[in-house]
There are 2 protein chains.
Amino acid sequence: MAEHGSGDGTVAKALAVMDEVAAFGRPVRFSEILDRSPFPKATLYRFMQVLTKQGMLHYDPDRQTYAPGLRLVRLAHAAWQTSSLAPIARPHVDALSQAVGETVHLAQLDGAQVLYVDKRNARQPVEMYSAAGKVGPAYCTGVGKAMLAFLPEPQLAGAIAQQSFHRFTGHTYTDETALRAELAAIRARGHAYDREEHEPGIICVAVPILTRAGRVLGAMSVTSTTARETLVGLERHLPRIRAAAEAIAAEAQDWRFPDAAE
Amino acid sequence: MAEHGSGDGTVAKALAVMDEVAAFGRPVRFSEILDRSPFPKATLYRFMQVLTKQGMLHYDPDRQTYAPGLRLVRLAHAAWQTSSLAPIARPHVDALSQAVGETVHLAQLDGAQVLYVDKRNARQPVEMYSAAGKVGPAYCTGVGKAMLAFLPEPQLAGAIAQQSFHRFTGHTYTDETALRAELAAIRARGHAYDREEHEPGIICVAVPILTRAGRVLGAMSVTSTTARETLVGLERHLPRIRAAAEAIAAEAQDWRFPDAAE
DNA sequence: TGTGCAGTTTCATTATTTGAAACTTGGTTT
DNA sequence: AAACCAAGTTTCAAATAATGAAACTGCACA
């Protein structure tokens with residue numbers, strides 16, 4: 001089934017093809033897409049022609065392969081700049097990463113998934129699309145749980161319904177009941193932990209970024225490894241993380257994501 | 001043959017709407033797009049509905065504004081990973097930026113424009129016109145000229161024809177003749193300079209990334225400011241930059257951008 | 001209560017998309 | 001060298017989706 005509210009419409013179909021190509025993570029032959037596509041050969045062929053002509057796909061004539069095109073990178077830059085928290089959060093993320101010396105993640109909810117929109121590594125100053133654009137599961141990451149915990153019930157139910165509950169490690173929450181208990185604890189506490197739930201050896205402390213009205217804008221986390229740190233050790237950064245999250249929330253809501261007027 | 005604008009496919013029209021929205025660089029009202037769009041109200045309205053439903057646009061019901069959606073960021077991540085040099089180049093760019101301590105850019109040619117695909121900031125970052133996904137002019141940037149200089153004539157002519165030759169600073173080359181002379185010098189020398197041609201106070205040294213057959217894959221540059229450095233000073237990094245460019249070229253061509261077999 | 005504007009819906013008309021099948025191309029087998 | 005095969009490309013009548021003028025809604029302001 002389509003991941004997006006797949007309706008009819010030629011545009012939706014073409015975008016489904018884009019997803020298909022992007023999912024491969026490598027240049028791909030026409031027939032490989034054809035195999036996994038509901039469209040007949042001629043139809044798919046025409047779509048890929050159009051998408052290529054439009055710069056959404058890049059065609060390599062020597063290898064006869066298609067890959068996502070560079071027009072996408074340009075469009076995404078606009079998306080990143082105008083619909084993500086990243087540009088607003090940037091100075092705060094910078095300052096936080098300087099102060100704590102660990103990897104910092106900034107994420108937003110995209111449907112039921114976590115979308116990372118910015119990142120600072122422990123060492124290197126700035127990377128961009130290397131992290132921005134990556135998606136991860138919501139139910140077993142610090143930022144994911146921090147956001148889910150503050151979602152209003154109807155949305156939360158929808159998001160939970162879409163979680164895979166795959167067991168990545170021995171610490172992964174693998175059912176709704178366990179996750180909901182964890183979310184209640186997070187709500188009470190104000191921050192979330194990742195206790196090696198997604199990757200062994202990786203731990204983090206995460207806080208949500210909330211408007212004054214309590215609407216979830218995103219989340220931010222400080223990550224480390226069990227080799228270097230403990231959760232208790234990471235917790236000493238909490239005041240700084242909170243302060244950064246609040247600063248981001250304040251700016252974001254004044255500038256770009258205001259709560260609904262009442 | 002009927003003439004409705006460009007009578008092209010529906011997909012192309014929808015993408016044109018995406019461009020329109022992205023071009024604003026801020027959330028935008030329906031009527032603002034309507035003003036600049038060849039489509040009648042109902043048609044445009046439906047397009048924006050579909051694009052929103054597809055996650056290509058994000059609609060803010062409170063403000064009644066549209067912005068490029070987060071689905072783009074996800075798709076672009078795939079594009080960046082599979083059709084750009086960045087993932088291959090990454091370790092080399094890291095090492096270079098560590099070694100030289102200045103801002104490093106990795107760029108590719110997207111049509112006649114320079115598309116920045118990766119970047120490492122200097123230890124003390126200077127706010128500057130560039131970032132992954134951003135585009136810039138080819139005729140007045142170090143990376144742009146480094147790539148143009150090694151383009152085969154037919155492509156070069158096409159690219160030059162599309163340059164605006166806008167005079168950004170007193171040093172900008174503003175016509176084809178001057179640019180071609182500069183490109184010849186670059187070809188002879190093997191590397192390009194930016195002598196404050198795009199932004200006052202910003203200088204760089206750039207080298208092309210070429211396959212064994214001489215095909216242009218991209219370019220890499222080390223940038224600084226006149227306040228801190230001179231071109232002669234930057235030149236001492238050339239051996240390192242060259243080495244990095246060659247390493248990237250070697251890996252790229254073995255792995256993903258092979259020259260056409262003969 | 002009325003006027004104007006921004007956004008939304010309707011529906012008969014029209015043009016675009018569709019896809020089975022035929023065709024072309026380049027490489028491999030007999 | 002002829003026959004074969006697989007991958008990719010083109011064709012064309014039928015089916016479907018897009019179109020856009022106009023009517024409608026809801027809201028702000030007079």
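All of these numbers come straight from a predicted model, not from anything done at the bench. Residue numbering restarts at 1 for every chain, and letters A, B, ... go by the order of the sequence lines.
If you measure from atom CD of A:Gln49 to atom P of C:dT17, you get 14 Å, rounded to the nearest angstrom. If you measure from atom CZ of B:Phe39 to atom C1' of D:dT19, you get 11 Å, rounded to the nearest angstrom. Distance, A:Leu44 CG to C:dT17 C1': 14 Å, rounded to whole Å. For the pair B:Arg46 CZ and C:dT10 P, the computed distance is 12 Å after rounding to whole Å. Here C:dA6 presents its P atom at 10 Å from CG of B:Leu34, a figure rounded to the nearest Å. Nucleotide D:dG26 holds its C1' atom 10 Å from the CD atom of B:Gln64, rounded to whole Å.
You'll find that the side chain of A:Pro40 is closest to C:dA20, out of D:dG20, C:dT8, C:dA20. Listed nucleotides C:dG19, D:dG20, C:dT18 differ in distance to A:Ala42; the shortest reach to its side chain belongs to C:dG19. Side-chain proximity of A:Tyr45 to D:dT9, C:dG19, D:dG20: nearest is D:dT9.
Close to C:dT18, at under 4.0 Å from its OP1 or OP2, lies a side-chain N or O of A:Lys13. Side-chain N/O atoms of B:Thr10 include one lying less than 4.0 angstrom from OP1 or OP2 on C:dT17. Phosphate proximity of C:dG7 to B:Ser31: present, with a side-chain N or O under 4.0 Å from OP1 or OP2.
Residue-level contact check: B:Thr43 touches the bases, meaning some heavy atom is under 4.0 Å from a base atom.
Residue side chain A:Lys41 reaches the base of D:dG8 through a donor-acceptor N/O pair under 3.5 Å, judged by distance alone. Between the side chain of B:Arg29 and the base of C:dG7 there is no donor-acceptor pair of N/O atoms closer than 3.5 Å.
Between A:Phe30 and A:Leu44, the closest side-chain pair of non-hydrogen atoms falls below 4.5 Å.
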